[in-house]
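Scroll down for the structure; my scribbles are underneath it.
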Amino acid sequence: MVINMKTLIIIKSFIRKNIFPIIIITLTMTVILFILVTVFGKLQYITQARDIYEQADLKNSVYFEKSFNIGEDFTTANKKVEQSLKNYSAFESFLNTEHSLDEYSSFPVNKRYYSNELIIKMPLRLISGEWFSDSSGQFDAVIGGVIWGGVKVGDKITLESGLTVNIIGIMDSSAVSPSMNSGGSTITVRDIFKLSENILILNKSKLPAEYMSKNSSSICSIITYKDNATDSEKHKMMEYLSTEGITTEYNVILENTNKDIKQEISKMLPIPLFLMIISTISMICICTLSIKKSMSEHSVYFLNGCSKRRSVIIISSAIMTIFTIPCLINIILALFFPAFLRYNPARTMDIIVDFNCVIPLLIYTIAVLLITSLIPILFYRKYSPLDFYRRNL
């Protein structure tokens with residue numbers, strides 16, 4: 001224990017004597033790694049949404065954005081289109097979401113209303129419970145997000161509006177779900193899905209018409225056509241839809257999404273990666289200079305019986321501690337405080353921060369620790385204890 005305490009004191013002394021450059025580089029690396037984690041989180045959000053879209057039963061579908069007149073109600077206009085589509089033999093289903101706002105424990109809640117057809121076509125992953133079924137109650141609900149701490153399957157909760165719901169399923173706090181927003185002429189999965197932030201989902205097929213009349217419809221919809229529909233039947237339906245708005249084919253959305261991912265990688269990764277490399281090299285240079293600076297101290301340690309191996313361990317421990325701090329800060333934030341990264345005012349984008357974002361950081365940490373542990377070993381191979389005496393005493 002005495003030896004360990006002495007080692008800690010020497011490590012502390014090493015860091016204290018180089019405190020100013022160490023603080024600057026540590027802060028710089030912390031910020032750079034923070035940016036990298038959020039970039040990985042954004043890419044993970046897009047790829048997770050793409051995976052859900054690919055796995056959904058939507059290959060025979062188009063994404064439809066209705067053209068609205070000024071002052072026209074979204075919900076009414078979409079229902080007119082849905083009614084008109086029933087006259088076309090190729091038509092199968094009209095999938096959209098409706099939403100309204102509420103509060104729970106003073107936090108805003110995004111209430112969404114999904115139909116049975118949408119849930120069947122696009123099943124979303126639950127961490128516990130189940131989705132709606134024929135036996136579900138009128139006000140059974142599925143929740144997702146970060147505000148539902150302590151709420152379990154089977155609990156009943158009351159929202160600020162007075163609505164009491166029975167929880168039958170819980171989504172991950174970082175799960176994505178369909179919101180069907182407008183994306184213009186270039187639709188990607190980012191327009192279809194959003195993070196399930198403080199979401200409460202109700203089955204609109206079970207709710208009374210007077211309750212649903214208070215809600216707003218999503219701007220866009222997914223329209224599916226029958227498997228056995230002929231090209232002529234599909235063409236007639238598409239002709240009608242083109243007079244009502246903009247349509248985007250399923251395959252086109254996937255192509256746009258893959259292009260979007262490549263653009264995000266080429267746009268967002270190069271600068272933080274370059275800065276990370278520069279800061280890593282700077283840290284290594286500072287550590288090397290600090291070792292040379294500490295030669296006189298280690299000459300004294302040698303005279304007092306410190307072995308060459310112990311001296312290497314002391315310096316390696318100090319350097320590894322310096323490098324580990326920025327990595328540990330970001331790993332802890334990502335694993336235990338993802339909301340801090342997700343809701344940072346400087347980051348308005350949707351990001352999913354979890355262990356997958358930490359994997360590149362862990363690989364980087366291990367690689368850096370291996371490199372930094374080699375620095376004093378290589379340095380001490382060049383200089384023997386006798387060289388230390390001659391150069392510094």
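Positions are given from 1 along the sequence. Values below: every heavy atom of this structure, side chains too, minus hydrogens, waters and symmetry copies.
- Without hydrogens or angle criteria, T224 side chain to N60 main chain gives no donor-acceptor distance under 3.5 Å.
- Linking ILVMFWY side-chain heavy atoms closer than 4.5 Å, directly or via other members, places I52 and I119 in a single hydrophobic cluster.
- Under a hydrophobic clustering in which Ile, Leu, Val, Met, Phe, Trp and Tyr are joined whenever their side-chain heavy atoms come within less than 4.5 Å, directly or via other members, I223 and M180 fall into different clusters.
- Closest of all the heavy-atom pairs between I170 and V153 is CD1-N, 3.9 Å.
- Residues K42 and E264 are paired through a salt bridge, judged by an N-O separation under 4.0 Å between the basic side chain and the carboxylate.
- Counting heavy atoms of neighbouring residues, nucleotides and ligands inside a 6.0 Å radius, atom CD1 of I271 does not exceed 12 of them.
- Under a 3.5 Å cut-off, the side chain of S105 and the backbone N or O of F107 do not form any donor-acceptor pair.
- Under the 3.5 Å distance criterion, the side-chain polar atoms of T247 are left unmatched by any main-chain donor or acceptor of V62.
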### Task
With side chain to side chain contact (heavy atoms under 4.5 Å, CB included) as the test, would you mind laying out the steps for Y240 and S84 before giving the verdict?
CA-CA 9 Å; Y240 163 70; S84 299; 3.1 Å; yes

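- Between Y53 and Y250, a ring centre-to-centre spacing shorter than 6.0 Å is recorded.
- Tracing side-chain contacts under 4.5 Å through hydrophobic residues (I, L, V, M, F, W, Y), one never reaches L328 starting from V368; they form parts of separate clusters.
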### Task
Any chance you could lay out the side chain to side chain contact (heavy atoms under 4.5 Å, CB included) test for K111 and V109, step after step, and finish with the verdict?
CA-CA 6 Å; K111 290 192 292 189; V109 173; 4.2 Å; yes

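- At distances below 3.5 Å, not a single donor-acceptor pair connects side-chain atoms of S115 with backbone N or O atoms of S205.
- Residue I32 comes nearest to S279 through the heavy atom pair CD1-OG, 3.9 Å, listed as atom of the first residue, atom of the second, then distance.
- Linking Ile, Leu, Val, Met, Phe, Trp and Tyr whenever their side-chain heavy atoms come within less than 4.5 Å leaves I277 and L269 in two separate clusters.
- Taking the six-membered ring wherever Trp is involved, the centroid distance between the rings of Y225 and F91 does not fall below 6.0 Å.
- The main-chain N or O of S161 is found under 3.5 Å from a side-chain atom of D102 such that the two form a donor-acceptor pair.
- Here the closest non-hydrogen pair linking T280 and Y364 is OG1-OH, 2.6 Å.
- Closest heavy-atom contact between Y45 and F193: OH-O, 2.8 Å.
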### Task
Walk me through it: do N110 and N198 pass the test side-chain hydrogen bond (donor to acceptor under 3.5 Å, both in side chains)?
CA-CA 6 Å; N110 182 10; N198 307 343; over 6 Å; no

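- Side-chain atoms of N258 do not come within 3.5 Å of backbone N or O of E255 as any donor-acceptor pair.
- Counting all heavy atoms, side chain and backbone alike, F139 lies closest to T164 at CB-O, 3.8 Å.
- Put simply, the side chain of N256 never gets that close to the backbone of T186: no donor and acceptor are under 3.5 Å apart.
- Atom CD of E233 sits about 12.0 Å away from atom CE of M238, to the nearest 0.5 Å.
- Counting only distance, with no hydrogens or angles, the side chain of K206 and the backbone of S136 share a donor-acceptor pair below 3.5 Å.
- Shortest non-hydrogen contact noted between D172 and R125 is OD2-NH2, 3.4 Å.
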### Stepwise side chain to side chain contact (heavy atoms under 4.5 Å, CB included) check, T158 with Y104
CA-CA 8 Å; T158 301; Y104 176 74; over 6 Å; no

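- Salt bridge status for K59 with E54: absent, with no side-chain N to carboxylate O gap under 4.0 Å.
- Under the 4.5 Å side-chain heavy-atom criterion for ILVMFWY residues, a single connected hydrophobic cluster contains both V39 and I359.
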